[in-house]
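Computed from a prediction, not measured in an experiment: that's the story for all the values here. To find a chain, count down the sequence lines: A is the first, B the second, and so on, and within it residues start at 1.
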Protein chains: 2
Amino acid sequence: MLSNASKYAVRAVLFLADKSDASTKYSAKAIGEELEIPVYFIAKLLQQLVKAGLVSSSKGPKGGFYLSEENLQNNACKILHEIDGEDVFSHCFMGLPRCGDKNPCPVHHIVSPFKDKLMAKFQKQSIKELSDEIDEKGMYLSLKDS
Amino acid sequence: MLSNASKYAVRAVLFLADKSDASTKYSAKAIGEELEIPVYFIAKLLQQLVKAGLVSSSKGPKGGFYLSEENLQNNACKILHEIDGEDVFSHCFMGLPRCGDKNPCPVHHIVSPFKDKLMAKFQKQSIKELSDEIDEKGMYLSLKDS
DNA sequence: ATAATAAAAGACTAATTAGTATTTTATATA
DNA sequence: TATATAAAATACTAATTAGTCTTTTATTAT
Ligand code: SF4
Ligand code: SF4
């Protein structure tokens with residue numbers, strides 16, 4: 001459903017949401033190593049997100065990626081859309097040729113509420129809120145010590 | 001999550017469950033056209049399922065694919081496993097390096113029950129039961145007239 | 001100024017998935 | 001027994017996704 005790319009991107013952004021700010025930046029190398037994501041790959045993804053205005057960055061020594069207060073207000077859905085395209089959640093499980101509520105496939109009543117919940121999660125909550133929840137509930141993005 | 005291949009395969013098998021028996025067979029061509037699946041592709045998939053004992057077939061004129069009474073007793077999960085491999089449902093949403101209930105990712109409490117429900121659906125119900133349910137509830141596998 | 005640092009840009013290679021086409025083999029029926 | 005039919009086997013091509021590498025540009029600190 002989600003590509004590796006968008007999974008990596010979400011994890012990286014949530015990491016930055018938790019750890020970074022305008023004066024505490026992380027290089028692609030640091031992020032890749034911390035989250036066990038191929039370094040060159042996450043670099044490319046983060047650059048794409050910067051271009052889309054979802055992540056901030058600065059070049060040079062002491063430079064790196066971070067989330068501004070503005071960035072934190074976006075919802076996580078935007079990341080998925082930026083990386084995987086607008087129709088991440090629209091094409092779905094059984095892939096019927098012309099499917100929908102009128103012509104439900106065998107798993108529609110399982111898949112449909114799941115999609116709704118997930119959408120709500122990623123759409124209604126800002127990155128900041130999501131990140132706070134992760135902190136509160138003691139969830140992990142990386143399993144390196146911590 | 002599911003490949004095109006396994007989606008196609010499940011739809012084709014459920015079609016055969018509904019329409020075929022030992023004396024009413026369908027050629028790959030007929031199935032492909034009915035379900036709007038590339039003919040050569042579904043042929044290859046069905047051959048794979050025959051080899052795995054999940055579908056029956058016979059060659060020659062009046063030959064084709066069908067489900068025997070025995071085939072109908074299998075659960076749909078076996079199809080997914082045959083086509084996509086054993087770990088279709090095991091690697092999941094956020095793809096954390098070493099994830100699990102102890103180290104839940106941000107969407108674990110949404111994804112996990114969904115996976116459970118889906119597994120139950122595909123594992124506990126036989127293809128026959130699933131097919132009957134599809135009939136009862138008026139669900140569609142194809143949208144060609146009907 | 002210069003050296004070191006790190007993102008930006010872009011050009012790659014590799015792997016996987018999707019889909020197509022050709023040849024061979026079995027079988028029903030005329 | 002010849003012919004037509006359809007699966008089986010196999011060898012492809014194409015497209016997408018994943019991942020790597022190199023060069024350029026901006027910035028900070030020495
Ligand atoms: S019927 Fe529902 S679950 Fe099935 S493919 Fe369509 S949207 Fe997805
Ligand atoms: S924590 Fe749960 S939802 Fe998240 S990747 Fe692991 S199994 Fe999937």
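For A:K78 and A:E82, the salt-bridge test fails: no basic side-chain N is under 4.0 Å from an acidic carboxylate O. Residues A:R11 and A:E36 are not paired through a salt bridge, judged by the lack of any N-O separation under 4.0 Å between the basic side chain and the carboxylate.
The distance from atom CZ of B:F41 to atom C1' of D:dT13 is 14 Å, rounded to the nearest whole Å. The nearest whole Å value for the distance from the CD atom in B:E36 to the C1' atom in C:dG19 is 17 Å. Spacing between atom OH of A:Y66 and atom P of D:dT27 amounts to 12 Å, rounded to whole angstrom units. Taking atom NZ of residue A:K51 and atom P of nucleotide C:dA8, one finds them 9 Å apart after rounding to whole Å. Whole-Å rounding puts the A:I83 CD1 to D:dA18 P distance at 11 Å. One interatomic measurement links the two molecules: NZ of A:K44 to P of D:dT22, which rounds to 15 Å at whole-angstrom precision. Taking atom CG of residue B:L16 and atom C1' of nucleotide D:dA7, one finds them 14 Å apart after rounding to whole Å. If you take CD of B:E33 and C1' of D:dA6, they are 14 Å apart, rounded to a whole angstrom.
In the set D:dA8, D:dT25, C:dG19, the nucleotide with an atom closest to the side chain of B:K59 is D:dA8. Out of C:dA28, D:dG19, D:dA11, the shortest distance to the side chain of B:K62 is found at C:dA28.
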Tell me, with the steps shown, if A:S126 and A:N75 meet side-chain hydrogen bond (donor to acceptor under 3.5 Å, both in side chains).
CA-CA 4 Å; A:S126 69; A:N75 60 27; over 6 Å; no
Go through it in stages, so that I can follow the logic: the residues are A:S131 and A:D18, the test is side-chain hydrogen bond (donor to acceptor under 3.5 Å, both in side chains), and I'd like the CA-CA distance, side-chain angles, deciding distance and then a yes or no.
CA-CA 6 Å; A:S131 174; A:D18 187 36; 4.5 Å; no
Criterion side chain to side chain contact (heavy atoms under 4.5 Å, CB included) on B:F114 and A:V111, from CA distance to verdict:
CA-CA 8 Å; B:F114 165 68; A:V111 172; 4.1 Å; yes
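Here the NZ atom belonging to A:K25 is positioned 11.5 Å from the CZ atom belonging to A:F65, to the nearest 0.5 angstrom. Taking CD1 from A:I110 and NZ from B:K121, the interatomic distance works out to 5.5 Å, rounded to the nearest 0.5 Å. For the atom pair A:L16 CG and A:Y66 OH, the distance stands at 11.0 Å (nearest 0.5 Å). Atoms CG and CG, on B:N74 and B:L49 in that order, are 10.5 Å from each other to the nearest 0.5 Å.
Counting non-hydrogen atoms under 4.0 angstrom, A:V50 reaches the backbone sugars and phosphates but no base. Using a 4.0 Å heavy-atom criterion, one finds that A:A43 contacts no nucleic acid atom at all.
If you find the closest nucleotide of DNA chain D to B:L46 and to A:A5, the one lying nearer the 5' end belongs to B:L46. Mapping B:P61 and B:F65 onto DNA chain D via the closest heavy atom, the residue that lands nearer the 5' end is B:P61.
Phosphate proximity of C:dC12 to A:Y40: absent, as no side-chain N or O sits under 4.0 Å from OP1 or OP2. Side-chain N/O atoms of A:S57 include one lying less than 4.0 angstrom from OP1 or OP2 on C:dA8.
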Show me the protein contacts with nucleotides 14-17 of chain D, counting only N or O atoms at under 3.5 Å.
none

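Residue-to-nucleotide contacts include a donor-acceptor pair under 3.5 Å from the side chain of B:Q47 to the base of D:dA8.
Contacts between residues 20-29 of chain A and DNA chain D, counted as heavy-atom distances below 4.0 Å, involve no residue at all.
Between B:L67 and B:V55, the closest side-chain pair of non-hydrogen atoms falls below 4.5 Å.
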